[in-house]
Each structure stands twice: as structure tokens, then as C-alpha cells.
Asks: 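This structure is in C-alpha cells; I'll ask about it shortly.
Hydrogens, waters and symmetry mates play no part in the numbers below; they use all other heavy atoms, side chains included.
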Amino acid sequence: MAVSSLQVNIAGVKLNNPLILASGTAGFGEEISRFYPLENVGAIACKGTTLEPRDGNPPPRIAETPSGIINSVGLENPGADRFINDYLPWLNMQKAVVIANIAGSTQEDYCALAEKFNDTAVDMVEMNISCPNVKSGGLAFGTSCQSVAQITRTVRSHCSKPLIVKLSPNVADIAEIAIAAESEGADALTLINTITAMKIDIQTRRPILRNNIGGLSGPAIFPIAVRMVWQTAAKVKIPVIGAGGISSWQDAVEIMLAGAAAFQIGTANFTDIYTPREVLKGLDEYLEANRLKSVNEIVGGVRAW
Ligand SMILES: Cc1cc2nc3c(=O)[nH]c(=O)nc-3n(C[C@H](O)[C@H](O)[C@H](O)COP(=O)(O)O)c2cc1C
């Protein structure tokens, strides 16, 4: 009999468990719901949504590496209106906690998107200022304290939903970027997004990706995510949502010990669609084996030297 609770609270939103499907790896939930009910996961962060529909970058858009993938999808999505009108009502029927992930080329784009979601049944907004795969905007907003502070302040004033700021690992000091977002009103932080990377075909001498470079995700980046979560959680009071290469329950425990109040699973969904089920089962068993009543008891529990 399960006696431990997996429930967490992120910025006032109650999640049945700390597992969130990472943006861009679960679409809008439809395909995944053919394998398990979406209400089994804590929340779904939907595909990055822009004001207008986008086709994304030309293929090839995925390059495989020994322990991860490099993607340059470039924010292919149906646009905010279609998300709100076609996908959101269905997601609500599934009783999923829904996180809208927003991206834009200008601050005005982000503000307009945040406003669009104000009067919808979206539970939280995750602002992606860390996408390495678009020409303008994206990562450009996420790499200096000044620009992070400014966009967070501006979007905050247009957003009535809990606002999660998703940070880029492509920076020198993640903690100072996190502090900048927190001080301007972020309710939570997600870290990390992908790490800029490249792969070259040695025969053709061409990069595998048509975009030349992309973002590395998967197990290769997990230790970097753990380090960044640990450095950040020690410096901010708002919840940190860990992401980056989590593919087992042991990874989930590890990133929570580093300070993550919840965590996202992305690339591991591609390797095995049932990863979330296995992670939640293992997490539950770990809590019981350690006689812990709540998953919150392990958050930040690392005994650093
Ligand atoms: C194919 C693909 C598409 C992604 N699209 C988005 C996106 O639209 N918005 C976003 O914030 N992050 C996006 N990401 C980043 C993931 O949400 C996540 O932060 C990153 O992949 C690290 O986690 P993982 O190693 O578990 O995949 C994408 C990742 C992949 C692999």
C-alpha cells in the first residue's frame, strides 16, 4: 500500500506528482494519451507556441549522438489560437495540468502571447527564452541578466497566470540569471533547456543538421543539469523545475536532491514512451524504502561537501 505522497505544489498549482512532460517532446498530449492517461503525469508542458503558426527549420532536424540528440526543430507549432481553440479544451477534458510554453521574436510577441492565455484554462505559462534554434529572439533574451530581467518584468505585467521562466544553460553563471528572473517576478524556473551543439558527417563534410547547429538533450546533459539546479536552488526562493537528460527514477531522485521541486522528462519519452510510468513507480518505491512521507522531503537534500 502506497503511503508516501508524490504531490507537489509549484507556484500555487497542485501537481499529483513532480513529473512534467518537457516542452517539445510531448506535443499537445494527443499521441502520448494513446499510451497512458495524461492525468497520470504531474503536468504537460506543451510544444513551444508562437503567435503565428510556424513550419520550423528545414530537415534534417535531428542528429543522434552516443547519449543524446541534437535537434534544430525551430519551434514548429500551429500557433497560439489553434492551441487555445483546438487542443486546450481536449487537454482539459483529460484532467491534465497544462503548461503553455511560449516563444517569440520580440518582447511584444511574448506579452501578446501571455495575454492570450490569461483568459484560458491553461494552468501556468512557461516562457522559453532559451531556444537555440530560432534566428531571432529565443536564446537572445536568455543569456544576459539585463535582458532576462527586462523580459521577465515586462511579460510579468501582462501575465495573470503563474509564470515559469525557462533558462538556458548556454551562459557563464546560471545562478545570476536565475536571480534576475526571480527578482522581476518569475514564480518558478525551469532549467535547463538544450545545450548548443553540432555534428558533422565526415564523408560529406556537411553538418548533419540543415541549420548547422542545434540543441543537445538527453543523458549527455544530465550531470550539467544537476550542477546548474544545485547552483541555482541554493540562490533563489522560488521553485526550480529540473530538466535535462532525466531518464530514470534514480535521475529524478538525484535532481530533486540537488534542489529541484519538480522535474521534466523530454528526450527519454522518445527512447521509451513509458519512461514516466517507470520513473514514478521507482520514485514511489524509493520514498517507501526510505520511510519518507512526501517527495518534498528529498528536495535539496544533497549533503554537499
Ligand atoms: C525535439 C525537441 C523539441 C523541443 N522543443 C522545445 C520547445 O518548443 N520549447 C522549449 O522550451 N523547450 C523545447 N525543448 C527542450 C526540452 O523541453 C528540454 O528542456 C530539453 O530537451 C532537456 O531535457 P531532456 O534532455 O529531458 O530532453 C525541445 C527538446 C527537444 C528534444
Asks: Kindly give the heavy-atom pair with the smallest separation between Gln107 and Phe141, and that separation in Å.
Replies: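 Distance-wise, the nearest heavy atoms are N-CZ, 3.8 Å.
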Asks: Under the 3.5 angstrom rule, does the side chain of Ser4 hit a backbone N or O of Leu292 as a donor-acceptor pair?
Replies: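 Between the backbone of Leu292 and the side chain of Ser4 there is a qualifying donor-acceptor contact (under 3.5 Å).
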Asks: Show your reasoning for whether side-chain contact (heavy atoms from CB on, under 4.5 Å) applies to Leu287 and Glu297.
Replies: CA-CA 9 Å; Leu287 296 182; Glu297 290 177 53; over 6 Å; no
Asks: Do the charged groups of Arg156 and Asp187 touch, with an N to O distance under 4.0 Å?
Replies: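 Looking at Arg156 and Asp187, the cut-off is met.
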Asks: Could you pull out all donor-acceptor pairs under 3.5 Å where a side-chain atom in residues 219-239 meets a protein atom, sequence neighbours excluded?
Replies:
residue: Arg227; atom: NH1; partner: Gln231; partner atom: OE1; Å: 2.9
residue: Thr232; atom: OG1; partner: Met228; partner atom: O; Å: 2.8

Asks: With a 3.5 Å cut-off and sequence neighbours excluded, list the donor-acceptor pairs that the side chains of residues 275-283 form with protein atoms.
Replies:
residue: Thr275; atom: OG1; partner: Ala268; partner atom: O; Å: 3.0
residue: Thr275; atom: OG1; partner: Asp272; partner atom: O; Å: 2.6

Asks: Do Glu126 and Ser23 pair up side chain to side chain, a donor and an acceptor below 3.5 Å, judged on atom types alone?
Replies: no
Asks: Search all heavy atoms of Ala261 against all heavy atoms of Ile10 and return the closest pair with its distance.
Replies: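 Shortest heavy-atom separation between Ala261 and Ile10 comes out as CB-CD1, 3.8 Å.
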Asks: Ile200: which residues meet the side chain to side chain contact (heavy atoms under 4.5 Å, CB included) condition with it, sequence neighbours left out?
Replies: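 Side chain to side chain contact (heavy atoms under 4.5 Å, CB included) check on Ile200 returns Met198.
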Asks: Step by step, work out the side-chain contact (heavy atoms from CB on, under 4.5 Å) result for Phe263 and Leu19.
Replies: CA-CA 5 Å; Phe263 57 88; Leu19 191 154; 3.7 Å; yes
Asks: Under the salt bridge (Lys or Arg N to Asp or Glu O under 4.0 Å) rule, what pairs show up with a residue in residues 191-216, not counting sequence neighbours?
Replies: none
Asks: Decide whether Ser72 and Asn57 meet the rule of one side-chain donor and one side-chain acceptor closer than 3.5 Å.
Replies: no
Asks: Would you check, one step at a time, whether the test side-chain contact (heavy atoms from CB on, under 4.5 Å) holds for Ser147 with Ile129?
Replies: CA-CA 10 Å; Ser147 56; Ile129 48 170; over 6 Å; no
Asks: Can you tell me which residue pairs pass the side chain to side chain donor-acceptor pair (under 3.5 Å) test with a partner in residues 29-51, sequence neighbours excluded?
Replies: Thr50-Asn77
Asks: Mind checking whether Lys166 and Ile99 have side chains closer than 4.5 Å, heavy atoms only?
Replies: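 Answer no - side chains too far apart.
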Asks: Side chains of Ser130 and Asn193 only: does a donor on one sit below 3.5 Å from an acceptor on the other?
Replies: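 Checked: Ser130/Asn193 side chains pair up, N/O donor to acceptor below 3.5 Å.
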Asks: Taking only residues two or more places apart in sequence or in another chain, which ones pass side-chain hydrogen bond (donor to acceptor under 3.5 Å, both in side chains) with Asn17?
Replies: none
Asks: With the side chain counted from C-beta on, respond yes when Glu176 and Val171 share a heavy-atom pair under 4.5 Å apart, and no when they do not.
Replies: no
Asks: If you take all heavy atoms of Gln264 and Ile246, which pair is closest and at what distance?
Replies: O-CD1, 3.6 Å
Asks: Take the angle between the ring planes of Phe28 and Phe83 and call it parallel below 30°, perpendicular above 60°, tilted in between.
Replies: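 The arrangement is tilted - the two ring planes meet at 30° to 60°.
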